[in-house]
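Okay, so here's the structure we're looking at.
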Amino acid sequence: FIGKDNTPFHAITWPAMLMGMGGYNLPATVAANEYLNFGSGKFSKSRGNVVRLDRFAEEFGADRLRFYLNAIAPETQDAEFTFEDFGERVNAELVNVVGNFIYRTVSFAKKYFEGRVPDAGVKEAVMGEIRSAAADMDVLTEGFRFRQAQGRVVEFARYGNRFFDEAAPWKTRKEDAGRAAEDIASCIEMARALGVLLWPVTPEGSERVLKMLSAGAPRDNIGALGRERLGPRPLGDISIPYEKIDDAGMPSACLLYTSP
């Protein structure tokens, strides 16, 4: 990606130079962004507001950092990076929406279905939602709209949470065990899809999710999303896919670059 100030050169001047010399492949697409600022101002070492990505990733994990940078990517307008927004966005979307759905699904199956993926069908409506989310993400990613692609996955996770709430398996397991099994099998299918779709952004978290589901490597599941169900199998050990950042652990100015 390049900044918007360099777009004219890469979209006009550079291709013209290549055409003039001849024998070179011309760029077919120029992926350019707006500006990413630190708060309301530019990143600047002299101002002491450049984030040390190595220390940031070491303290908070590369998964969280990639997720946040994707969430605020300045694809259509300037965006602001702030420590407060980092914590709020990660907790609100990655932890409370995506992670919560996955954890509640696997925990329920582990407790009430003898630690296995239920031997039941998956609702076609759910398979259709999975196919739709995967197709949308493919289109958006091919168009270099990674922020929108990630947003589509979070939207899909919200659908999963609504499905779980409306299915109310904590009730139906006592009244209609077959329906509860189908609903949880459907939720597990959505959890697998989330693990695969977020793999490019949160590879460590995605591997934890698929390990809990005993689903194998992410790349081995790509072609099966929305087409082939996971099927009955023992679940792995449960772990929290994405840890919450508490107030005491929020990023601080110590992660900023300071000139020697």
Lys/Arg-Asp/Glu bridge criterion (N-O < 4.0 Å) met for E124, R131: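 Yes, E124 and R131 are salt-bridged.
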Decide, yes or no, whether a salt bridge links E58 with R55 under the criterion of side-chain N to carboxylate O below 4.0 Å.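 No, E58 and R55 are not salt-bridged.
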Can you tell me if [atom1] on [X] sees more than 12 non-hydrogen neighbours from other groups inside 6.0 Å?
X	atom1	answer
E175	CD	yes
Y24	OH	no
D5	CG	yes

Please answer whether the main-chain N or O of [Y] pairs with a side-chain N or O of [X] as donor and acceptor at a distance below 3.5 Å.
X	Y	value
D63	G205	yes
Q150	F67	yes
N37	E80	no
K110	G236	yes
E189	L230	yes
N221	V196	no
R229	A120	yes
E34	K4	no

Below 4.5 Å, heavy atoms only, C-beta onward: do [X] and [Y] meet side chain to side chain?
X	Y	result
M212	I102	yes
R219	W199	yes
E243	R64	yes
E75	F146	yes
K123	F163	yes
P241	V98	no

Nonpolar side-chain network containing Y35, other nodes, edges under 4.5 Å: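 Direct or chained contacts put Y35 with none.
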The single option from V153, N70, L94, L69 passing side-chain contact (heavy atoms from CB on, under 4.5 Å) against V201: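 When V153, N70, L94, L69 are each tested with V201, the side-chain contact (heavy atoms from CB on, under 4.5 Å) holds only for N70.
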What is the minimum heavy-atom distance between [X] and [Y], and which atoms define it?
X	Y	answer
P232	R116	C-NH2, 3.9 Å
L225	A193	CD2-CA, 3.8 Å
P15	L26	O-CD2, 3.7 Å
A167	T172	O-CG2, 3.6 Å
S214	P234	OG-O, 2.7 Å
I184	A109	CG2-CB, 3.8 Å

Check the orientation of F108 and F113. Use parallel for under 30°, tilted for 30 to 60°, and perpendicular for over 60°.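 It falls in the tilted class, 30° to 60°.
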From CA spacing to verdict: side chain to side chain contact (heavy atoms under 4.5 Å, CB included), L213, V117: CA-CA 8 Å; L213 301 177; V117 177; 5.6 Å; no
How far apart are the C-alpha atoms of R152 and S132, what are their side-chain angles, what is the distance that settles it, and do they pass the side chain to side chain contact (heavy atoms under 4.5 Å, CB included) test? CA-CA 10 Å; R152 178 66 178 90; S132 176; 3.2 Å; yes
Is there a path from [X] to [Y] through hydrophobic residues (I, L, V, M, F, W, Y) whose side chains come within less than 4.5 Å of each other?
X	Y	result
W14	M19	yes
I240	M190	yes
I130	I222	yes
I72	F86	yes
I238	L235	yes

Yes or no on side chain to side chain contact (heavy atoms under 4.5 Å, CB included) for Y159 and F101, after CA distance, side-chain angles and deciding distance? CA-CA 10 Å; Y159 166 81; F101 169 70; over 6 Å; no
Roughly how far, to the nearest 0.5 Å, is the [atom2] atom of [Y] from the [atom1] atom of [X]?
X	Y	atom1	atom2	result
F144	T29	CZ	OG1	5.5 Å
K171	K174	NZ	NZ	10.0 Å
S107	Y112	OG	OH	10.5 Å

Which residue in the set F60, F56, F83, F81 passes ring pair (Phe, Tyr, Trp, His ring centres under 6.0 Å) when paired with Y68?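 Testing each of F60, F56, F83, F81 against Y68, the sole residue satisfying ring pair (Phe, Tyr, Trp, His ring centres under 6.0 Å) is F81.
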Is there a side chain to side chain contact (heavy atoms under 4.5 Å, CB included) between N161 and R104? Walk through the geometry before answering. CA-CA 9 Å; N161 277 305; R104 69 196 300 210; 3.1 Å; yes
